[in-house]
Amino acid sequence: MTRSPNPVLDAVLTRRSAPRLTEPAPGPAELERLVQAAATAPDHGRLHPWRVVAVSGDERARLGGALGEAADTPEQARRAAAKPLRAPLLLTIVHRPVPNHPKVPEWEQLAATTGMVTTLSLLLHSQGFASIWRTGAAVRAPQVHKYLGVDDDEQLLGWLYVGTRCASNAADRRPLDTPARITWHTTGI
């Protein structure tokens with residue numbers, strides 16, 4: 001892909017989910033700076049209806065233990081316990097809507113949360129890191145909620161696995177049939 005003179009456009013066009021991640025991942029100061037920037041994503045009322053729980057180091061194995069407890073079979077428990085070890089940093093995405101807000105319905109607050117995560121993944125990519133957003137049945141598991149401190153009025157949306165891409169051979173995306181996705185209601189086009 002040809003680089004443009006616009007680094008934002010380049011980040012958007014070249015970001016890909018990375019299923020295999022290794023060290024390094026951003027440290028606390030860099031992560032805080034990136035989350036601060038991601039918080040500028042569209043957010044009606046500036047409610048910031050989300051929080052991030054960063055899990056790294058040995059805590060990944062503890063999270064794996066909670067995932068394993070939530071599994072149905074011993075084999076599923078073994079596989080679930082290993083999942084957090086796939087990346088050096090897991091960013092737990094917790095949606096915490098402001099209930100009964102007079103102007104911002106909960107669906108719009110969820111859109112703000114996902115907008116922040118999308119922006120964060122682009123920012124990570126622009127800084128040389130890679131990520132993938134993973135979910136699954138464990139997002140509803142009481143054992144996982146307890147370990148992460150997710151309250152009853154919050155929703156666990158999954159994890160942004162973060163690190164450095166193991167292989168640089170990311171597949172190119174097929175171009176989107178953009179005209180089929182855009183409907184114009186205007187005059188003069």
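If you're wondering where the values come from, they're calculated on a predicted model, not measured in any experiment. Computed over heavy atoms, backbone and side chain alike; hydrogens, waters and symmetry mates excluded.
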query: If every non-hydrogen atom of A61 is compared with every non-hydrogen atom of L85, which pair is closest and at what distance?
result: N-CD2, 4.2 Å

- line: Looking only at heavy atoms, the pair that brings P97 and D153 closest together is CD-O, 3.8 Å

message: With rounding to the nearest 0.5 angstrom, report the CG to NE2 distance, L13 to H125.
response: 9.0 Å

Name every donor-acceptor pair, under 3.5 Å, that has one atom in a side chain of residues 113-121 and the other anywhere in the protein, sequence neighbours excluded.
unit_1 : atom_1 : unit_2 : atom_2 : d
T113   : OG1    : P49    : O      : 3.1
T113   : OG1    : H95    : ND1    : 2.8
T113   : OG1    : Q109   : O      : 3.2
T114   : OG1    : L110   : O      : 3.3
T114   : OG1    : A111   : O      : 3.0
T118   : OG1    : T114   : O      : 3.0
T119   : OG1    : G115   : O      : 2.8
S121   : OG     : T118   : O      : 2.8

- request: With sequence neighbours excluded, give me every side-chain hydrogen bond (donor to acceptor under 3.5 Å, both in side chains) pair touching residues 55-68.
  value: E59-R62, E59-Y147

message: Strictly by side-chain hydrogen bond (donor to acceptor under 3.5 Å, both in side chains), give each pair with a member in residues 65-75 just once, sequence neighbours left out.
response: E75-R78

query: Does V94 share a hydrophobic cluster with L90, counting links as ILVMFWY side-chain heavy atoms below 4.5 Å and allowing steps through other members?
result: yes

task: Indicate if F129 and Y161 have the same hydrophobic cluster label, given that clusters are the connected sets of ILVMFWY residues with side-chain heavy-atom separations under 4.5 angstrom.
output: no

- request: Report yes if the side chains of L124 and V162 come closer than 4.5 Å at any heavy-atom pair, otherwise no.
  value: yes

- prompt: Do V35 and V55 share a hydrophobic cluster (ILVMFWY, side-chain heavy atoms under 4.5 Å, transitive)?
  reply: no

message: Looking at every heavy atom in both W50 and A39, which two are closest together, and how far apart are they?
response: CZ2-CB, 3.8 Å

task: Work out which heavy atom in A18 is nearest to a heavy atom in A130; give both atom names and the distance.
output: CB-CB, 3.6 Å

field: Same apolar cluster: L67 and V53, side chain cutoff 4.5 Å
entry: yes

Distance-only donor-acceptor pairs under 3.5 Å for side chains of residues 99-107, two or more places apart:
unit_1 : atom_1 : unit_2 : atom_2 : d
H101   : ND1    : K103   : N      : 3.0
H101   : ND1    : V104   : N      : 3.0

Non-hydrogen atoms of L89 and A54 that approach each other most closely: CD1-CB, 4.1 Å

statement: The complete set of side-chain hydrogen bond (donor to acceptor under 3.5 Å, both in side chains) pairs with one or both residues in residues 33-48, sequence neighbours excluded, reads H44-E108

field: Polar side-chain atom of T22 near backbone of C166 as donor-acceptor pair, under 3.5 Å
entry: no

Which atom pairs, one a donor and one an acceptor, fall under 3.5 Å between side chains of residues 131-142 and the rest of the protein, sequence neighbours left out?
unit_1 : atom_1 : unit_2 : atom_2 : d
W133   : NE1    : L157   : O      : 3.4
R134   : NH2    : P19    : O      : 3.4

field: R86 CZ to R20 CZ distance, which is reported to the nearest 0.5 Å
entry: 9.5 Å

message: Any heavy-atom pair between the side chains of V52 and L31 that's under 4.5 Å?
response: no

- prompt: Are I93 and V150 connected in a single hydrophobic cluster, I mean Ile/Leu/Val/Met/Phe/Trp/Tyr linked by side-chain heavy atoms less than 4.5 Å apart?
  reply: no

message: Show the nearest heavy-atom pair for residues A38 and L123, with the distance to one decimal.
response: N-CD1, 3.5 Å

